[in-house]
Amino acid sequence: MYNARSILSGLGVFLVLITFPFWYNVGKSAAAPEPKLDTPAIQQLSRKQCVGSTPYMRANHMQLLEEWRTLAVREGKRVYEAADGKKYEISLEKTCLKCHGNKAQFCDQCHNSLSVKPDCWNCHVAPEGR
Amino acid sequence: MGIGFSLLLIMALLLAVFFGAGVLGWHLLFGVVIPYAAATIFLFGIIYRVVKWGRAPIPFRIPTTCGQQKSLPWIKPSRIDNPSSAAGVIGRLALEVLLFRSLFRNTKAELRDGPRLAYHWEKWLWLGGLLFHWSFLTIFLRHLRFFTEPVPSFVSFIEGVDGFLRVGVQALYITDILILVAVTYLFWRRVVIPQVRYISLPADYFPLFLILSLAFSGVLMRYFFRVDVSAVKELTMGLVTFHPRIPEGIGVIFYIHLFFVSVLFVYFPYSKMMHLAGIFLSPTRNLANNSRACRHINPWNYPVKVHTYEEYEEEFRGKMREAGIPLEKECG
């Protein structure tokens, strides 16, 4: 090999950089985040049912929140009819946070893990200490 | 023909993953086996190609220069365009890699009435290429949020800057738009410029379509057909910590995206995309133009049997003296 020192050191730097996720996470368990559902409000519910199914909420809650934002703030509609026909008041603080008041154990679990910084708390009051 | 063939190939790949992961539910194959195989092929392929290139001898300097060579002290040399030192070479390579400097010099020749040959500035390819490559790098780095725990601050910083705009309430990544526009442009120019179209092969169209499909599936997944990203991270973290897991309930669009990126990784070392390493090994870019200052010996020179003048004179001294030919050494 010619110029072996430069070529191999360049190749070495590239390999170290490209394998970053493999060595950065060595020795870490990397367990999946577990949003907690054990708030007093949820435990009092006879039927533990959110406004949508769990898979739907896990993947699409941000889209639902955006729809609710548009309905409430722009169109003045405050009633949401869920797929099962149940009616909910469209309000982050009065509906969502009534059950999910544990922001640190619920919202932040996945958001921190995935480095997501939603703008909710720019306007809304974050539930603290509950 | 190249376009049709490449499109057909992309369609076949899409159908394969759609049936495999979507209909038949082979999540282990498309979520674990293929990504691991792709990463292995990618790493070993890159090593193989670079080592193979490294074994090629460099007999002489190729001074394709755009500036004054270093010569007499009162002539100002162009240190970056015609480097004579390692620092100059590093500067030239850095500008080439980061800003595509030689592509910036791209011109377009045109025959006008007269006949008169005219050269234009042609910056669109440079701009499209630059936007595409920087967007790709940004997107690549942004994806580290799925592969690190905790997410390093530089990844969050890149995300914050890139996701400065909003669509509705969620971040709209600028690079998501730029990469789609740039790749579409790079494809479009291959089709509409007759000379470029003439030299375009399936190996040119396929990477473009592959990257376009990859970016498009990612955009669809992020903004339209959402998947449970928490479960996605569980899968990706399982891959990088070598404890592969297949969480339930990840949409097929994720497997499509993952499959396209796996195909890209497999195809990478054996395709034109190896310019990632090739740019650093370009003799016209990485060699200092010091042909006059240093002696470069051809590495494949074999020992040649020579007969020097001294030896010649030694052999024929008597005859030369008789013939009256002047001698370097009178007696020997």
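Letters go in sequence order (proteins before strands), and every chain restarts at 1. Worth saying up front: this structure is predicted, and the values here are computed from it rather than measured. Atoms considered below: every heavy atom in the structure, side chains included; atoms not considered: hydrogens, waters and symmetry mates.
Aromatic pair His100(A)/Phe106(A): centroids less than 6.0 angstrom apart. Ring centers of Phe30(B) and Tyr255(B): at least 6.0 Å apart, outside the cut-off.
With respect to chain A, the highest number of heavy-atom pairs below 4.5 Å among His243(B), Arg226(B), Arg55(B) belongs to Arg226(B). Considering only heavy-atom pairs separated by less than 4.5 Å from chain A, the leading option among Phe225(B), Trp53(B), Phe280(B), Phe242(B) is Phe242(B).
For Ala56(B), the part sitting under 4.5 Å from any heavy atom of chain A is the backbone (N, CA, C, O) and nothing else. In this structure, chain A has a heavy atom under 4.5 Å from the backbone of Val227(B), while its side chain stays farther away. Interface remark: Phe22(A) contributes backbone and side-chain atoms alike to the contact with chain B (heavy atom separation under 4.5 Å).
Ionic pairing of Asp228(B) and Lys233(B) is not present here: no N-O contact between side-chain nitrogen and carboxylate oxygen is shorter than 4.0 angstrom.
At a heavy-atom cut-off of under 4.5 Å, chain B is reached by Glu66(A), Arg69(A) from residues 66-88 of chain A, listed in order of number. For a heavy-atom cut-off of 4.5 Å, chain B lies close to Leu11(A), Phe14(A), Leu15(A), Ile18(A), Thr19(A) in residues 10-19 of chain A.
You'll find the side chain of Leu64(A) reaches within 4.5 Å of the side chain of Met57(A), heavy atoms only.
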Next on the checklist: Between His133(B) and Phe100(B), is the ring-ring contact (aromatic ring centres under 6.0 Å, His included) condition met? List the steps.
Outcome noted: CA-CA 10 Å; His133(B) 281 84; Phe100(B) 305 175; 5.0 Å; yes
